Protein chains: 2
Amino acid sequence: MNETAQRIITSAEAMIREGGYYGFSFRQIADELSIKSASVHYHFPTKEALGSAVAENYTERFVQQLGDFSDQGAIQHYLGLFTASLKNDGRACLCGILAGEAGKIPESLRIALQEFSQKNVTWLQGAFAQLHPQWTAEECRKAAMIFFSSLEGAMVFAALNNRPEHLTEIGESLLQFLSKK
Amino acid sequence: MNETAQRIITSAEAMIREGGYYGFSFRQIADELSIKSASVHYHFPTKEALGSAVAENYTERFVQQLGDFSDQGAIQHYLGLFTASLKNDGRACLCGILAGEAGKIPESLRIALQEFSQKNVTWLQGAFAQLHPQWTAEECRKAAMIFFSSLEGAMVFAALNNRPEHLTEIGESLLQFLSKK
DNA sequence: GTCTATAATTTGATAGAC
DNA sequence: GTCTATCAAATTATAGAC
């Protein structure tokens with residue numbers, strides 16, 4: 001992956017998280033990087049290829065940041081990743097943004113998003129198992145699904161209403177509720 | 001609102017809930033209704049006008065279905081509306097779908113979505129207050145925000161992974177957790 | 001109220017020079 | 001690897017006949 005390709009991915013990710021898959025074009029990216037759209041096509045032949053690359057790159061970076069789910073305060077750390085992301089650049093998670101368009105985006109992109117969500121749920125399931133050894137695997141899986149999908153929902157809700165603080169509020173409350181199982 | 005306008009709104013809502021605001025066009029709607037795109041423009045001069053009309057119509061119908069929040073089992077009824085919607089037509093809530101594109105949709109549409117979310121939270125706050133008289137107004141508001149945004153997240157998560165049953169699962173679990181405050 | 005016709009722009013994508 | 005030039009198709013939108 002050379003430098004230009006990396007800059008294209010960075011620019012595309014920002015645009016997608018701003019307005020979804022149909023909210024960006026090759027020309028907009030080219031303009032932002034002061035290159036031509038043909039050059040973007042050289043690195044990513046189709047929009048589908050670029051979209052998938054963005055999703056895979058996003059997943060890879062996110063998983064790296066996740067670290068080990070058996071660490072102390074793993075779930076608090078997880079929550080921190082979401083709130084920091086929204087506060088820093090004012091944009092919600094790529095997966096939450098694109099999930100709404102799931103019915104019309106290219107299949108390879110939809111699959112990449114499904115993988116992102118599955119990896120998150122699996123990681124969280126492990127973290128909950130570590131935190132609550134008395135819980136069954138099924139209870140951990142359910143808590144993980146709730147926590148992940150609720151945070152995604154809270155992010156887009158917070159972004160829609162321009163209230164990033166709602167994400168923190170909701171995330172903390174969720175953790176309290178979930179620990180009372 | 002005449003019949004053609006109503007059919008246009010119905011068609012547009014289905015398409016938006018399938019692929020978002022940029023996932024439908026005047027021509028697609030015209031084709032589906034066997035009319036011409038110019039006729040669609042006669043009823044709704046701009047795409048923004050049509051989008052807003054869809055959101056306002058959706059909110060109106062949803063609020064009607066909500067009924068009185070002081071009824072017995074109001075929150076269970078609320079949850080039923082969401083699960084039925086996803087199971088019947090396989091599509092998530094309009095608000096959850098469009099929230100991801102919030103950064104790039106016309107302002108009037110974004111405002112209509114904000115109003116939808118606010119009305120839901122207000123209704124739920126009343127329902128929680130009725131159900132748990134010992135809770136403070138702030139606790140009810142927080143529970144309402146959590147329940148609404150989590151259900152929206154669960155809907156798009158369930159739709160993304162083609163697992164409508166996840167919405168029921170998550171919704172029921174959430175109610176259990178929320179009642180333990 | 002619906003149509004034909006068309007304008008103006010944008011889109012994803014390609015050919016070929018350098 | 002980036003460019004110019006261009007294509008075919010789709011987009012939102014309008015003018016004017018019926």
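Proteins come first, then strands; the chains are lettered A, B, ... in the order of their sequence lines, and each starts at number 1. Note that this is a predicted model, so its numbers are computed, not measured.
Look at NZ on B:Lys36: it is 15 Å from P on C:dT6, rounded to the nearest Å. One interatomic measurement links the two molecules: CZ of A:Phe26 to P of D:dA5, which rounds to 21 Å at whole-angstrom precision. The CD1-C1' distance, from A:Ile29 to C:dG12, rounds to 12 Å in whole Å. Rounded to an integer number of Å, the gap from OH of B:Tyr21 to P of D:dT11 is 13 Å. Regarding B:Leu109, its CG atom lies at a distance of 16 Å from the C1' atom of D:dT12, rounded to whole Å. Here the C1' atom of nucleotide C:dC3 and the CG atom of B:Asp31 are 15 Å apart, to the nearest Å. Between the C1' atom of C:dG1 and the CG atom of B:Leu33 lies a distance of 14 Å, rounded to the nearest Å.
Taking 4.5 Å as the limit, some side-chain heavy atom of B:Phe147 sits within range of a side-chain heavy atom of B:Leu175.
Within residues 37-44 of chain B, the residues that have a heavy atom under 4.0 Å from DNA chain D are, in order of number, B:Ala38, B:His41.
At the heavy-atom level, A:Glu3 lies nowhere under 4.0 Å from the strands shown. Within 4.0 Å of A:Gln28, counting heavy atoms only, lie sugar-phosphate atoms of the nucleic acid but no base atom.
Close to D:dT2, at under 4.0 Å from its OP1 or OP2, lies a side-chain N or O of A:Thr4. Between B:Ser25 and the phosphate of D:dA10, there is no side-chain N or O to OP1/OP2 separation shorter than 4.0 Å.
The cationic group of B:Lys47 lies under 6.0 Å from the six-membered ring centre of B:Tyr21 and within 45° of the ring axis, placing it in a cation-pi geometry.
Side-chain proximity of A:Arg27 to the nucleotides D:dT2, D:dT6, D:dT11 is greatest for D:dT6.
The distance between the ring centers of B:Phe82 and B:Phe62 falls below 6.0 angstrom.
Taking the six-membered ring for Trp and thresholds of 30 and 60 degrees, A:Phe157 and B:Phe148 have ring planes more than 60 degrees apart, a perpendicular arrangement. Taking the six-membered ring where the residue is Trp, B:Phe69 and B:Trp123 present perpendicular rings, their angle passing 60° and hence far from 30°.
No path of Ile, Leu, Val, Met, Phe, Trp and Tyr side chains, each step under 4.5 Å between heavy atoms, connects B:Val156 with B:Leu98, placing them in separate hydrophobic clusters. Under a hydrophobic-cluster definition in which Ile, Leu, Val, Met, Phe, Trp and Tyr are linked whenever side-chain heavy atoms come within less than 4.5 Å, directly or via other members, B:Leu94 and B:Ile97 are assigned to different clusters.
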